[in-house]
2 protein chains.
Amino acid sequence: MSVSSYNFSSFRSGSVVRLAADNSSYNAACGGCPSRHISLCNVLSARDLKKFSEIITDIRKSAKQVICAEGDESGNIYNIRTGAVRISKMLSDGRRQITGFLFAGDFFGLSCRNKYSYTAEAITDVEICSIPRAKIIDSFRKFPELGERAFDMTRIELEATHEQMLLLGRKTAREKLCSFLLAIRGKYKPLDQGDDTIVDLPMSRSDIADFLGLTVETISRQFTGLYRLGHIELEGFHKVVLKDADALFALAEGD
Amino acid sequence: MSVSSYNFSSFRSGSVVRLAADNSSYNAACGGCPSRHISLCNVLSARDLKKFSEIITDIRKSAKQVICAEGDESGNIYNIRTGAVRISKMLSDGRRQITGFLFAGDFFGLSCRNKYSYTAEAITDVEICSIPRAKIIDSFRKFPELGERAFDMTRIELEATHEQMLLLGRKTAREKLCSFLLAIRGKYKPLDQGDDTIVDLPMSRSDIADFLGLTVETISRQFTGLYRLGHIELEGFHKVVLKDADALFALAEGD
DNA sequence: AGTCTGCTTTGACCGCTGTCAAGTATTTAT
DNA sequence: ATAAATACTTGACAGCGGTCAAAGCAGACT
């Protein structure tokens, strides 16, 4: 089964993705996990995974539900099996910054001490697994390769946030949207159709705005602008066809 | 010897901070290190530190010199012993985003794979130690507490970048500058003088602008604005007296 | 099917911050 | 010390993106 079977277009329907059990003896919680091969835990042997799975709780949330809230006691870390999640921070007057969109295989909740420093909400229906913080930190000691993998993933995330800071601080609205479309495309490598690439956007315009430091109206105008230039086409609100990725790439950095 | 002895006001002169050797038998490279107690390596025992110090090279750079450049092969990670460093990324047309200011005890260069994804430059004269990537990753395995400490520091940095994304995407110019002044104050806990707090800013106005996603002119106008409100006073370009930290705090979040 | 509700698009206008330019202060070099 | 270069401040003006308002669209629920 290939990775692309799990790109996020596959769960937009909200239906539950359930793999047929394979022939291994994994604990049910992890054995059938559709994101296992791209998750934190993919470094564990079958034997270690079974042990590891004992500390895991399965959770499902439907779209728009809160998974954890800024300020809550950060008792658990969460790993996404299917679906899309947004991570956000708010100012007291309601201004919101989305700091990341997370998908199958991504985890969150580790970069906090006592309290979550951000809110995580389900964008689509999601399946996630929850792991007590104290226990996963134990696991990092028990299974050093797991700790290394978590560290690696954290470093990759840190690099991505640096790129996003460049975007937020220095790019124009058009550059921001082009960068975003390409980043989403790159991250989930959706199927190519001819020369065009179709990108699924499970999040709303307002989510995109709050991710890029813009308003909904500006996002909408930029989508229209790119359409008029012939670089994209819109199929409903949540699908974008990239007609000319090279042009988008050029626009993304102001060249 | 307290941490505050090493707050960054102490090296603004550019003079070399050198501690009297203590009575231990540390290797010279690390034994006299003025940032040892706040650095990565502070978790190592005297014995382990001695071993660890064998892979370290001391480096000095004077202000404005490049330590490593975006795109260079990322062979080393760097730890700051004294001085201030700026980390930045650039767009092809020269627009720059500073993603962080680093000081004694901070390290950089780990969150990259083959190439550095950012440029690091000395703001003041600096003393840094350089450690080959491959060897420090080895050390993480040999001294697990060192790896955990690096992981912890990386997670703290990641949380800070989330806060900075909120600032870049959603705060006004005034809110950005107030947040910045308070963050610098909080980070280095400089000496209080009466009720006022004096904050040292080794970086230029243009560095501050590129850190906050603004222009030099806007930074300058905001400094003047805060001065006219009576919340700060300027002592030369590189010292700010916070006359009313509470007011700044309120302004930092738009309350 | 039809209505409702929330999401998205579009338009008109405004204001914050950027741009350009000139003048002042500070640092560096001689 | 003096001169030159660099850094900072201030002013006038412009424009990008925000705000406010209204209309179009799509999915949800009877």
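Numbered from 1 within each chain, the chains take letters A, B, ... in sequence-line order.
Between D:dC8 and B:Ser220, no contact under 4.0 Å exists linking OP1 or OP2 to a side-chain N or O. In this structure, B:Thr218 does not reach the C:dC16 phosphate: none of its side-chain N or O atoms is under 4.0 Å from OP1 or OP2.
When each of A:Phe223 and B:Gly236 is assigned the nucleotide of DNA chain C bearing its nearest heavy atom, the one mapping closer to the 5' terminus is A:Phe223.
For A:Lys171, the side-chain hydrogen bond (donor to acceptor under 3.5 Å, both in side chains) partners at least two apart in sequence or on another chain are A:Ser179. Applying the salt bridge (Lys or Arg N to Asp or Glu O under 4.0 Å) rule to B:Lys61 yields no partners; only residues at least two apart in sequence or on another chain are considered. B:Ser117 pairs by the side-chain hydrogen bond (donor to acceptor under 3.5 Å, both in side chains) definition with A:Glu159, not counting sequence neighbours.
Using a cutoff of 4.0 Å between basic side-chain nitrogens and carboxylate oxygens, A:Lys64 and A:Glu121 are not scored as salt-bridged.
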Could you pull out the protein-nucleic contacts involving nucleotides 22-25 of chain D (nitrogen or oxygen on both sides, under 3.5 Å)?
none

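Side-chain contact check for B:Pro202 versus B:Phe103: some heavy-atom pair is nearer than 4.5 Å. Contact annotation: the side chain of B:Thr218 approaches that of B:Thr215 to within less than 4.5 Å [non-hydrogen atoms, C-beta and beyond].
Proximity of residues 161-172 of chain B to DNA chain D (heavy atom under 4.0 angstrom from any strand atom) is not detected for any residue.
Regarding B:Arg205, its CZ atom lies at a distance of 11 Å from the P atom of C:dT27, rounded to whole Å.
In the helix from C:dA1-D:dT30 to C:dT30-D:dA1, the rotation axis of the first five pairs and that of the last five pairs differ in direction by 50°, rounded to 10 degrees.
Which of C:dG18, C:dT8, D:dG17 sits closest to the side chain of B:Leu214 comes down to C:dG18. In this structure, the nucleotide among D:dT19, D:dC8, C:dG18 sitting nearest to the side chain of A:Thr215 is D:dT19.
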